[in-house]
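The figures that follow rest on heavy atoms only: side chains count, while hydrogens, waters and symmetry mates do not. Naming: A, B, ... by sequence-line order, numbering from 1 per chain.
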There are 2 protein chains.
Amino acid sequence: MSDLLERLRGRGWRMTSQRRVVAEVLDGDHVHLTADEVHARAARRLPEISRATVYNTLGELVALGEVAEVSTDGRAKRYDPNAHRPHQHLVCSGCGAIRDVRPTGDPLADLPAQERFGFTVSGAEVTYRGLCPSCA
Amino acid sequence: MSDLLERLRGRGWRMTSQRRVVAEVLDGDHVHLTADEVHARAARRLPEISRATVYNTLGELVALGEVAEVSTDGRAKRYDPNAHRPHQHLVCSGCGAIRDVRPTGDPLADLPAQERFGFTVSGAEVTYRGLCPSCA
DNA sequence: ATCCTACAATGGACAGAGTCCAAGTCAAGA
DNA sequence: TCTTGACTTGGACTCTGTCCATTGTAGGAT
Ligand SMILES: [Mn+2]
Ligand SMILES: [Mn+2]
Ligand SMILES: [Zn+2]
Ligand SMILES: [Zn+2]
C-alpha cells in the first residue's frame, strides 16, 4: 500500500503519522472495516490517534476515490480499500461477514429505458444476501 | 390500504388509532419515508402520537412482511409499503429522490458458483444511482 | 353496559454513529 | 531554523434508533 501513500503525496497530501497508520490498517482483500474498527486498529500502533482524525482521513480517502464507502446494513458504514476494481458484495445474514464478488454482466443492462423515469443512470450497487458456510 | 388493516386484524393485531394512522401514512406508490417523516405525517392527524410508537409499529409491520426496510444511504432507514411485489430502487444522487424499478432478469443468475464462496445465496438488492430529470 | 387485563402507547433516558469547532501541533518549504 | 497553513485533538453536539417503567385502552368476558 506504499504506492497509495506515494499517490497521495503526489496529490499534495501532507504526510502525517496518523494518515500513515490509517492507510496501513486499510490494506488487504475483503477488508470492510467500520470507522471505529479502523480507529481501534490504528490506535494499537499510534495510541493517541483521535476518532475525529480517523473520520477526517477516511472521508478524504473516499473523496479521492482511493477507498469506497459500503453500507450493507443500517449500521455503521464500512471502508473498502478495494476501490479501483469495481465489485459487489456478498453478505452473510447470520454473522455479517462480507466478501467481494464479481458478478458477470452489467446490472445496468437489466434496467430498460421505460424503467428509468428520465433519470441519467450512472451505476448500480448489488448486495447479495445469504448464509456463509459456518452459519448455514 | 384498509385491506392491510383487515389482514392485520386477522393476524390478531389490536387495532389502535396510532396503528391506523401509521398504516394510512404508509400508502401509495414510490413511498419511502423515514421513521421521523412517518411520525411527522402521523402527528398531523394524531398530534400526541409518540416517536416510540411509530418505531414500534414500523418494526412490527416489517416483521409481518407488510413493509420493507430500505437503506439507500448511510442515513435513516426508509419504510416501503410496496413489499409484496419485489422491486429495486433508483436513487437520485442530487436530491435523494427514490423510484421503484423492476429490472429484467434475476441478479442471482449473474453470480457464478465460484464467486459464492460456499454461501447459500438467497437474494440480491440492487440500488441504481443517477440523476433525476430536475437534477440533471 | 361494565369490568378486567393483557397488550399497547408514552416520554424520557440512553446508546451508537457521525459531525463540528476552537485550540494546540507539526510537516515541509523558504 | 523559522514560519505558517494544514493537520490533529477532545469534547460538545446532532441524528437515528432502542429501552423501559409507567399509564392507558381494545376488546373479550360477564
Ligand atoms: Mn468490497
Ligand atoms: Mn420501493
Ligand atoms: Zn455467517
Ligand atoms: Zn434529483
Find the distance [X]:[atom1] to [N]:[atom2] and express it as a whole number of Å.
{"X": "A/Glu48", "N": "D/dG10", "atom1": "CD", "atom2": "P", "result": "8 Å"}
{"X": "A/Leu58", "N": "D/dC7", "atom1": "CG", "atom2": "P", "result": "15 Å"}
{"X": "A/Ile49", "N": "D/dC7", "atom1": "CD1", "atom2": "P", "result": "14 Å"}
{"X": "A/Arg19", "N": "D/dT9", "atom1": "CZ", "atom2": "P", "result": "11 Å"}
{"X": "B/Asn56", "N": "D/dG17", "atom1": "CG", "atom2": "P", "result": "13 Å"}
{"X": "B/Tyr55", "N": "D/dG17", "atom1": "OH", "atom2": "C1'", "result": "5 Å"}

Check: Which residue lies toward the 5' end of DNA chain C, A/Ser17 or B/Arg14, if each is placed at its nearest nucleotide?
Finding: B/Arg14
Notebook entry, point to check: Between B/Ser50 and B/Gly74, who's closer to the 5' end of DNA chain C by nearest nucleotide?
Noted result: B/Ser50
Item checked: Stepwise salt bridge (charged side-chain N to carboxylate O under 4.0 Å, His left out) test for B/Arg51 and B/Asp36 -> CA-CA 7 Å; B/Arg51 258 176 22 105; B/Asp36 274 337; 3.7 Å; yes
Checklist line | Nearest-nucleotide 5' precedence on DNA chain D, B/Arg75 against B/Arg9 | finding: B/Arg75
Next item on the list: Select from B/Thr34 and B/Trp13 the residue whose nearest nucleotide in DNA chain D is closer to the 5' end of that strand.
Entry: B/Thr34
Note to self: At a heavy-atom distance below 4.0 Å, which nucleotide of DNA chain C is the first touched by chain B, and which is the last?
What the structure shows: C/dA6 to C/dG11
Item checked: Side chain of A/Thr53 - closest among D/dG27, D/dT8, D/dG17 -> D/dT8
Next item on the list: Would you indicate what B/Arg51 reaches in the nucleic acid, counting non-hydrogen atoms under 4.0 angstrom: base, sugar-phosphate, or nothing?
Entry: base
Next item on the list: Check every strand shown and say whether B/Ala76 touches a base, only sugar-phosphate, or nothing at a heavy-atom separation below 4.0 Å.
Entry: sugar-phosphate
Note to self: Going by the rule side-chain contact (heavy atoms from CB on, under 4.5 Å), which residues pair with A/Arg44 if we only count those two or more places apart in sequence or in a different chain?
What the structure shows: A/Arg41
Notebook entry, point to check: Who pairs with A/Ala43 by side-chain contact (heavy atoms from CB on, under 4.5 Å), at least two apart in sequence or on another chain?
Noted result: A/Ile49
Note to self: Under 4.5 Å between side-chain heavy atoms, counting indirect links through other Ile/Leu/Val/Met/Phe/Trp/Tyr residues: same cluster for B/Val70 and A/Val121 or not?
What the structure shows: no
Note to self: If I compare all heavy atoms of A/Cys95 with all of A/Cys132, which pair ends up nearest, and what's the gap?
What the structure shows: SG-SG, 3.9 Å
Note to self: Is there a side-chain contact between B/Gln18 and the phosphate of D/dG24, meaning an N or O under 4.0 Å from OP1 or OP2?
What the structure shows: no
Margin query: If we ignore hydrogens and angles and just use 3.5 Å, is the side chain of B/Glu115 paired with the main-chain N or O of A/Val101 as donor and acceptor?
Written below: no
Check: Does A/His89 use its side chain to pair, donor to acceptor, with the backbone of A/Thr127 at less than 3.5 Å?
Finding: no
